[in-house]
Amino acid sequence: MGTVSMIVISTGIILVISFFLAHYLSTKTNPTGDWALGGRSLPIYVIVLSQYATAMGGGMLVAHVGLGYQFGWSAITYGALVSSTLLILSLISNWLRKENFTTVPDIIEKIYGKNKVLLLLAALMTLIVPFGWICSQLVAFAKLYGQLTGIPMNTLIIGFGIVSLAFVLPAGLSTVAWSDFIFGCLMLSMSVVSVVFAYNMTGGMSEMVKIVPPQNIAFPKGLGAVGLPAIALWSLSILPGGLTNQLYYQRIYAVDTTKNARKSLIISAVIILTADIWASFMGMCIRTLNPNLAQEAAMGWFLGQIPPWVLALFSGFLVATIVSTVDSAVQSVVVNLTRDVYKKLIKPGEDDEKKMLNLSRILSVATVFVAIIIAIVYPQVLSLLVATYAFSAAGLLCPIFVGYILKDKNILTTQGAIGSILCGFAGCAIGMMIKSQIPYVAFGIVGSFVGLILISLITKKTENISA
């Protein structure tokens with residue numbers, strides 16, 4: 001009970017201090033900022049650590065360390081793909097920032113023009129990934145923290161959902177980004193502490209070489225230890241999924257200058273890759289200590305081996321890692337609902353910012369409430385996260401990036417974009433149903449591309465004949 005009390009008290013202190021500090025900094029540096037993008041004036045160092053904290057989430061502690069445990073340096077390969085997403089986005093960051101977009105559907109509207117059906121489809125495809133993140137992170141937190149404290153899973157899901165709201169409601173992205181900045185600093189610090197403890201416990205590199213399989217610990221051979229099929233699957237899911245993830249886009253829109261938009265993405269990519277170097281090394285250290293664990297049980301076992309005071313600090317690391325993803329995802333979902341659905345479709349031209357702020361807060365509570373229900377009823381929701389990523393990527397990747405490349409060629413049409421989203425969704429569904437060895441997201445992306453080009457050509461030809 002003494003250890004549990006230390007964990008709970010440490011977590012509470014970290015959350016309270018982080019909340020008040022984030023709220024103070026957000027109002028001090030951006031007193032007139034909007035709820036959606038923090039007044040487009042957030043400093044680059046805040047954006048960098050917010051990108052890092054958002055991208056990592058609970059998956060870093062469970063999945064990435066587990067990957068390092070099972071396949072050594074292969075976690076770096078995973079991290080390189082995540083970093084590549086940010087580097088690709090940096091190529092169009094100047095355009096994104098100069099256009100003053102707020103959401104991903106704004107990009108679709110800029111390229112293809114205003115159309116209610118297209119806007120609704122784009123908004124729905126955009127919000128499913130961050131909503132999936134909310135559900136999955138609630139479950140991940142409950143499972144990890146429940147192992148540490150013995151607190152019932154449903155109690156943790158409800159409590160964590162309420163806590164996450166505290167970092168969203170005051171000022172939207174301003175408090176989210178500043179809290180992510182604070183959490184990011186904590187995450188980086190505890191990463192160093194944890195890996196030092198783990199390495200010292202192993203007895204040194206000579207012991208690691210004895211225990212960890214040679215194909216895992218050898219460099220650069222270990223980068224491919226997970227196997228080419230897995231790397232191919234990652235390439236078809238992580239890259240397309242990341243390139244359509246609105247959470248990354250919002251931080252491009254929110255940074256203070258156009259120049260810093262690209263710079264922040266490049267720096268974030270380097271930090272994220274460094275984090276997966278940590279995950280690989282951490283996983284191999286744990287494997288040296290106990291080579292008989294299930295892959296995703298590695299970090300949980302390690303936490304039981306460290307001194308209680310370190311465990312108490314690490315529990316704060318755990319909470320910071322997951323809440324940074326949940327609050328970002330909640331804010332992103334609500335921006336889609338208020339800006340793309342309510343303001344553009346239900347009540348066009350709504351200019352009352354106070355009303356929009358109140359609506360954003362109400363929808364934040366509603367979003368978390370629904371996510372809590374789903375997380376309690378379907379705790380296996382983590383497995384559904386991959387599907388939401390795949391469907392979102394299949395629906396949005398081609399309309400955004402092919403659209404950007406061809407936006408000045410007078411080839412693409414609004415009908416083509418609608419067809420692209422629908423064909424991408426249908427392709428994913430077909431690929432999932434036939435259970436092909438080819439990742440079903442590939443069917444969706446191919447279908448989306450073919451639909452975009454063919455339907456655009458057909459409708460463009462029809463328009464020319466009519467003219």
Side-chain angles (χ1 to χ4, degrees), residues 36-37 92 95-131 240-241 243-246 248-250 252-253 332-351 356 359-360 363 388 390-429 444-467:
L37 294 176
I92 64 171
W95 177 71
L96 293 170
R97 189 65 178 79
K98 289 176 181 177
E99 291 292 342
N100 288 324
F101 295 133
T102 299
T103 63
V104 166
D106 284 347
I107 304 173
I108 301 292
E109 185 176 311
K110 175 67 177 180
I111 296 173
Y112 302 99
K114 293 184 178 181
N115 181 283
K116 289 186 176 182
V117 174
L118 176 59
L119 182 60
L120 179 60
L121 288 174
L124 293 176
M125 297 301 289
T126 299
L127 65 81
I128 62 172
V129 168
F131 186 78
L243 291 173
T244 58
N245 189 346
Q246 183 168 268
Y248 298 155
Y249 285 86
Q250 281 186 282
I252 297 173
Y253 308 152
S332 183
V333 167
V334 171
V335 168
N336 280 126
L337 294 175
T338 55
R339 302 279 169 164
D340 298 319
V341 179
Y342 179 79
K343 195 171 182 179
K344 292 182 180 179
L345 299 178
I346 298 175
K347 197 169 183 180
E350 175 64 69
D351 294 323
M356 292 294 292
L359 179 62
S360 296
L363 288 174
T388 62
F391 278 95
S392 179
L396 293 175
L397 184 70
C398 289
I400 293 174
F401 285 89
V402 176
Y404 173 76
I405 294 169
L406 300 179
K407 68 182 188 303
D408 298 322
K409 304 296 183 182
N410 196 29
I411 295 174
L412 305 180
T413 65
T414 301
Q415 295 84 351
I418 293 172
S420 179
I421 293 175
L422 294 176
C423 289
F425 191 92
C428 253
I445 293 173
V446 171
S448 179
F449 177 77
V450 172
L452 177 62
I453 301 300
L454 284 184
I455 296 174
S456 290
L457 291 176
I458 292 170
T459 52
K460 179 66 71 174
K461 185 176 180 180
T462 303
E463 288 176 2
N464 292 337
I465 292 174
S466 300

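Not a single donor-acceptor pair under 3.5 Å links the side chain of N336 to the backbone N or O of V333. Side-chain N or O atoms of S420 include one that pairs as donor or acceptor with a backbone N or O of S448 at under 3.5 Å.
In this structure, I421 CD1 and L118 CG are separated by 5.0 Å, a value rounded to the nearest 0.5 Å. Taken from OG1 in T414 to CD1 in I111, the straight-line distance is 11.0 Å, to the nearest 0.5 Å. To the nearest 0.5 angstrom, L127 atom CG is 9.0 Å from D340 atom CG. Expressed to the nearest 0.5 Å, how far OH of Y249 lies from CD1 of I107 amounts to 5.0 Å. With rounding to the nearest 0.5 Å, the separation of SG in C423 from CD1 in I418 is 11.5 Å.
Applying the side chain to side chain donor-acceptor pair (under 3.5 Å) test to pairs two or more places apart or on separate chains, none has a residue in residues 111-122.
Side chain to side chain, Q246 and T126 fail the donor-acceptor criterion of an N or O pair below 3.5 Å.
Judged as a salt bridge (charged side-chain N to carboxylate O under 4.0 Å, His left out), and not counting sequence neighbours, the contacts of K110 are E99.
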Atom pairs and distances, donor-acceptor, side-chain atoms in residues 392-412, under 3.5 Å, two or more places apart:
residue: S392; atom: OG; partner: M125; partner atom: O; Å: 2.9
residue: N410; atom: OD1; partner: K460; partner atom: NZ; Å: 3.0

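By the neighbour-count criterion of 12 heavy atoms within 6.0 Å, atom CZ of F449 is sparsely surrounded, having that number or fewer from other residues, nucleotides or ligands.
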What's the verdict on side-chain contact (heavy atoms from CB on, under 4.5 Å) for T103 and E109, showing C-alpha distance, side-chain angles and the deciding distance? CA-CA 10 Å; T103 63; E109 185 176 311; over 6 Å; no
Show the numbers, then the answer: is there a side-chain contact (heavy atoms from CB on, under 4.5 Å) between V129 and T244? CA-CA 9 Å; V129 168; T244 58; 5.6 Å; no
